[in-house]
Amino acid sequence: MHLIRELLANALAEAQASGQLPSAPPIEVPVEHPQSAEHGDYASSLPLRLARALRMNPLEIANRLVPLIPAGDALARVWPESPGFINFALEPRWLAAQVEAVIEEGPAFGNVPLGGGESVQVEFVSINPTGPIHVGHARGGVLGDVLARVLDAAGFSVTREYYFNDAGNQMDNFYGSLHARYLQAMGQDAELPQGGYVGEYMVDVAKEIADEEGDRLLDLPAEQAVEELGRIGLGKMMRGIQSDMERLRIDFDVWFREHTLYSDGQYEKAMDALGSNNHLAKREGATWFVSTALGEDKDNVLVRGTGVPTYFAADVAYHYNKFVERGFSRVIDVWGADHQGHVSRMKAAIGALGIDPDRLTILINQMVTLKRGQQILRASKRAGEFITLQELLDEVGTDPCRYFFLARSPDSQMEFDLELAKKSSNENPVFYIQYAHARVASILKLAAENGIDHGDGDVSLLTDPAELALIRKILELPELIESMAVKLEPHHLPHYSQDLATAFHWFYQQCRVVSTAPGDEAITRARLKLVQASAIALGRALSLMGMEAPEKM
RNA sequence: GCCCCUGUAGCUCAGAGGAUAGAGCACUGGCCUCCGAAGCCAGGAGCGUGGGUUCGAGUCCCGCCAGGGGCACCA
């Protein structure tokens, strides 16, 4: 694709330099994969887009550009097409030769040198340690994790981070609720605080602590007991979240804890920076971020009248830490739709800190509505009603769960019917793709058992349409990785994987690979090379999605 | 009231301003003496609505209708 773009740009420059085409302001050269195979492997609508500026018939522009595009060994044909496209067909011999290139790259196949080692932080999930992870959080988890894997493949230096809000109001609420549950577990009368966490899991955690600690905490003064309980309970919640993430196959590099912002002076530094840039105001006993001056709808409280910082203040300090203290070049936050209203003021705050707001990207993923058959389940942690990630993984398994969350654009709401997910899990695309990988493995195994060494296979024998279609599909992977990394849209990966599996299954159907018939030795070795390249591409796609690539099923 | 997201096949969803809008599931009919039939092949049906921009709109802009989310000294 880069090659095509370059060829077109050069042809255009040459045509303009030689006077065959009038000059015009430069535009980006569009190149795409045409839907229909008869339009070639690549197509450009460059002539159509130039027509107005050049005041010429687009087809005439195409006619003049085509002769200026050198043949090379990759292109079989370049031709103009009405009303003004230029189409490119790849040379089958060149395509076949790419199989060798794929094998040579091995597990690195698909990597693209886009990021140049630029440091990017992806922060995601980051729910309060006041309850278990539920399915809505899992969506953001998978999105962030796969995005990180994609950026990694695209040459960025990626840090995956989880932010624990282990300070603030909600934690005090959690501690108070836990204390009440503990007292209840010890047989005492106790009431949950106003707005406390009523979920059953709190009862379980309190019981667990009661079993482990006995009545030791009853003897302490209430304040001290709450503090001690809080410490133990927080530890349990954090470990629970960490093991959930592990089970979802998400591996964080950093577990950042909010309270360190205060102990390490990040909070003061961030507030000082805002203050010295004249973005703060004292009103009604509180400290405000004067975001209206930056075009926001309203100002935002940073420090309450009580002197306690808001969640927003902590988040400002946290982002100060990301950009200024740790020096990430870019930061990507993955948030749920319920935080959408927080986006613009966060960006405003970044700007107020003197940081280019474009270095911060906030991805919003829409809510997950849970259904069990006809019954709609509202997920609310404080109401204590939700489906946990644990339950989901128990029912559908990690691979389908990841695939299901990943396959939808983050912008679209999801309806997750647990019954359906469970019922269809034996016939969903997850198994289709993994089956292709298992098939590949078993073919290679059979070849090995028959003592066939395909190391000297001649890939130029690969000329069947099914073989060429499979090669084309394999070669799309690097392009896809680049595009996903640029647009921050990992949800294309499942669809690509499915297409790749289809291309492989079709090839398998059309072309016998391991054949012991006399005269078939050469084509068998050539096809084994293609199978090996398929294994690499399928394996890479699955690993980018964080899914298992089984040798057998 | 204001802000964000979404309306595409019976269902769940893809769709890079381009050429004839695609998958899976479900339904129907074919294909294993041969590398795994968890597979392959074939079949029907669709862009919420009204304008606009453009050579060209599912895609961009405006209105309307419908669904979800947000608009706290909660996080």
Check: Between A:His491 and B:rA14, do the rings stack, that is, sit under 5.5 Å apart with planes less than 30° off each other?
Finding: no
Notebook entry, point to check: Is the shortest distance from a Lys or Arg side-chain nitrogen in A:Asp520 or A:Arg512 to a carboxylate oxygen in the other one below 4.0 Å?
Noted result: no
Note to self: Regarding A:Glu81, tell me which of base, sugar-phosphate or nothing describes its non-hydrogen contacts under 4.0 Å with the strands shown.
What the structure shows: base
Notebook entry, point to check: Taking atom P of B:rC35 as reference, at what distance in whole Å does atom OH of A:Tyr435 sit?
Noted result: 11 Å
Next item on the list: For this output row, return yes or no: ring centroids of A:His492 and A:His495 closer than 6.0 angstrom.
Entry: no
Check: Can you check whether A:Arg439 has a side-chain N or O nearer than 4.0 Å to OP1 or OP2 of B:rA37?
Finding: yes
Checklist line | Atom-to-atom span, CG of A:Asp499 to P of B:rC40 - whole angstrom | finding: 12 Å
Checklist line | Face-to-face stacking of A:Phe85 with B:rA19, centres under 5.5 angstrom, angle under 30° | finding: yes
Notebook entry, point to check: Can you find a side chain N or O atom of A:Asn169 that sits less than 4.0 Å from OP1 or OP2 on B:rA75?
Noted result: yes
Check: If you find the nucleotide of RNA chain B closest to A:Asp338 and the one closest to A:Val303, which residue's nucleotide is nearer the 5' end?
Finding: A:Asp338
Margin query: If the threshold is 4.0 Å, N to carboxylate O, is there a salt bridge linking A:Glu161 and A:Lys322?
Written below: no
Note to self: I need the single residue from A:Val316, A:Val331, A:Leu360 that forms a side-chain contact (heavy atoms from CB on, under 4.5 Å) with A:Ile350. Which is it?
What the structure shows: A:Leu360
Check: Touch check for A:Gln434, heavy atoms < 4.0 angstrom, all strands: base, sugar-phosphate only, or nothing?
Finding: nothing
Notebook entry, point to check: Looking at A:Tyr435 versus A:Tyr432, is the centre-to-centre ring distance below 6.0 Å?
Noted result: no
Check: Does B:rC40 adopt a syn or an anti glycosidic conformation, taking syn as a chi angle within 90° of 0?
Finding: anti
Next item on the list: Toss me the dot-bracket line for RNA chain B: Watson-Crick and G-U wobble, both under 3.5 Å, 5' to 3', using | for pairs to another strand and [ ] for crossers.
Entry: (((((((..((((....[...)))).(((((.......)))))....(((((..]....))))))))))))....
Notebook entry, point to check: Contact class for A:His495 vs. all strands (heavy atom < 4.0 Å): base, sugar-phosphate, or nothing?
Noted result: sugar-phosphate
Check: Which part of the nucleic acid, if any, lies within reach of A:Ala43 when heavy atoms closer than 4.0 Å are counted: base, sugar-phosphate only, or nothing?
Finding: base
Check: May A:Tyr508 be described as stacking on the base of B:rC40, applying a 5.5 Å centroid limit and a 30° limit on plane angle?
Finding: no
Checklist line | Lys/Arg-Asp/Glu bridge criterion (N-O < 4.0 Å) met for A:Glu476, A:Arg472 | finding: no
